[in-house]
Amino acid sequence: MTEPQEKPKKPIFKKVWFWIIVIVAVIIVSVAATRDDSSADATTPTTTATTDGATTPTEAATTDGATTVPAETQPATQTKETTSQKQAVRKAASYLKTSAFSRQGLIDQLVFEGFSNEDAIYGVDAQNADWSAQAAKKAESYLEITAFSRQGLIDQLIFEDFTQEQAEYGVAQAGL
């Protein structure tokens, strides 16, 4: 009698459980990367001592080079930052750490997240971001994904709510 032949083993990447583990791992890593690290909140205002012993607020630099203006130097009509405004500031900073946005694109994203339009504007403007630099980062990220003509990339950045000038600057910085 002949012995039954043993089935050849499937490679690990062809097994369903392998892909489930990979997908779960990717989700965990992406969630961990986008989480706000409140202990490293770069928007906390600092103070500087003056010659008369008083302290004055100074700007705090964020990891992407943008600076935030402390609440004490906000317009006089805004005496105290609301909790919702603080959250909008934190969320906007979090988005700018991970991706490039136009000013309006970031406002729209915060509104999509459930912030009021006023709080979204407050949170975005508190970043004091260089929107031209953001356009350059966005242009570079597009070029990493696919090929664009100069005008096609300018049009794409304008579609993303960058101004004409910001889009042209961004594309030039990306080498087109």
Side-chain angles (χ1 to χ4, degrees), residues 26-27 29-46 57-176:
V26 168
I27 291 171
V29 168
S30 66
V31 167
T34 59
R35 270 187 46 197
D36 255 346
D37 183 9
S38 60
S39 65
D41 187 6
T43 62
T44 305
T46 58
T58 58
E59 293 184 346
T62 61
T63 56
D64 67 352
T67 56
T68 58
V69 179
E72 295 87 359
T73 61
Q74 298 287 330
T77 57
Q78 186 67 40
T79 57
K80 186 173 183 202
E81 197 174 50
T82 66
T83 302
S84 184
Q85 288 171 330
K86 288 178 186 176
Q87 294 302 308
V89 168
R90 288 183 64 202
K91 192 65 164 179
S94 173
Y95 273 118
L96 289 177
K97 285 179 187 175
T98 60
S99 186
F101 282 88
S102 66
R103 179 181 181 275
Q104 187 59 51
L106 186 52
I107 291 169
D108 293 345
Q109 182 62 37
L110 292 181
V111 168
F112 177 79
E113 294 278 335
F115 290 97
S116 71
N117 193 55
E118 295 77 20
D119 288 343
I121 291 170
Y122 181 90
V124 169
D125 288 346
Q127 303 309 307
N128 291 325
D130 180 347
W131 300 112
S132 293
Q134 290 292 311
K137 288 179 187 176
K138 192 64 154 184
E140 289 170 4
S141 71
Y142 273 121
L143 290 176
E144 288 175 2
I145 297 169
T146 190
F148 278 91
S149 68
R150 175 177 168 70
Q151 189 58 50
L153 188 51
I154 289 171
D155 292 344
Q156 180 62 37
L157 293 176
I158 290 170
F159 178 78
E160 296 275 340
D161 290 322
F162 288 100
T163 66
Q164 180 76 33
E165 295 77 24
Q166 291 166 348
E168 289 174 0
Y169 175 87
V171 168
Q173 292 300 305
L176 283 182

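Computation of the quantities below employed the complete heavy-atom set of this structure, encompassing side-chain atoms and omitting hydrogens, waters and symmetry-equivalent molecules.
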- Message: Quick one, Gln164 with Ile154, criterion side-chain contact (heavy atoms from CB on, under 4.5 Å). Give me CA distance, side-chain angles, the key distance, then yes/no.
- Response: CA-CA 8 Å; Gln164 180 76 33; Ile154 289 171; 3.9 Å; yes
In short, Gln127 meets Val89 closest at the heavy-atom pair NE2-O, 3.0 Å
Rounded to the nearest 0.5 angstrom, the NZ-NZ distance for Lys80 and Lys86 is 5.5 Å
Shortest non-hydrogen pair, Ser102 vs Gly105, comes out as OG-N, 2.8 Å
Working note: Trp131 + Gln134, criterion side-chain contact (heavy atoms from CB on, under 4.5 Å); need CA distance, chi angles, decisive distance, verdict. CA-CA 5 Å; Trp131 300 112; Gln134 290 292 311; 3.9 Å; yes
Here the pair of heavy atoms bringing Gly123 nearest to Ala92 is O-CB, 3.7 Å
Exercise. Within the side chain of Gln104, is there an N or O that forms a donor-acceptor pair under 3.5 Å with the backbone of Phe162?
Worked result: no
Taken to the nearest 0.5 Å, the spacing of Phe112 CZ from Gln109 CD works out to 6.5 Å
Rounded to the nearest 0.5 Å, the OG1 atom of Thr146 sits from the CG atom of Leu153 at a distance of 10.5 Å
Asp125 meets the salt bridge (Lys or Arg N to Asp or Glu O under 4.0 Å) criterion, sequence neighbours left out, with Arg103
Scanning both residues in full, the closest heavy-atom pair of Ala139 with Ala174 reads CB-CB, 3.9 Å
Smallest heavy-atom separation, Ala136 atom then Gln173 atom, equals CB-CB, 3.7 Å
d(Gln87 CD, Tyr122 OH) to nearest 0.5 Å is 12.5 Å
Legend entry - Side-chain (Glu160) to main-chain (Gln156) donor-acceptor, under 3.5 angstrom: no
Discussion item. For a 4.5 angstrom cut-off between non-hydrogen side-chain atoms, does Leu157 reach Lys138?
Written reply: yes
Item to complete: Quick one: do Leu110 and Lys91 satisfy side-chain contact (heavy atoms from CB on, under 4.5 Å)? Show the steps, please.
Response: CA-CA 8 Å; Leu110 292 181; Lys91 192 65 164 179; 3.5 Å; yes
Taken in chain and number order and not counting sequence neighbours, the residues that satisfy ring pair (Phe, Tyr, Trp, His ring centres under 6.0 Å) with Phe148 are Tyr142
By ring pair (Phe, Tyr, Trp, His ring centres under 6.0 Å), Tyr95 pairs with (sequence neighbours left out) Phe101
If you apply the rule side-chain contact (heavy atoms from CB on, under 4.5 Å), what do you find for Ser99 with Lys137, and how did you get there? CA-CA 8 Å; Ser99 186; Lys137 288 179 187 176; over 6 Å; no
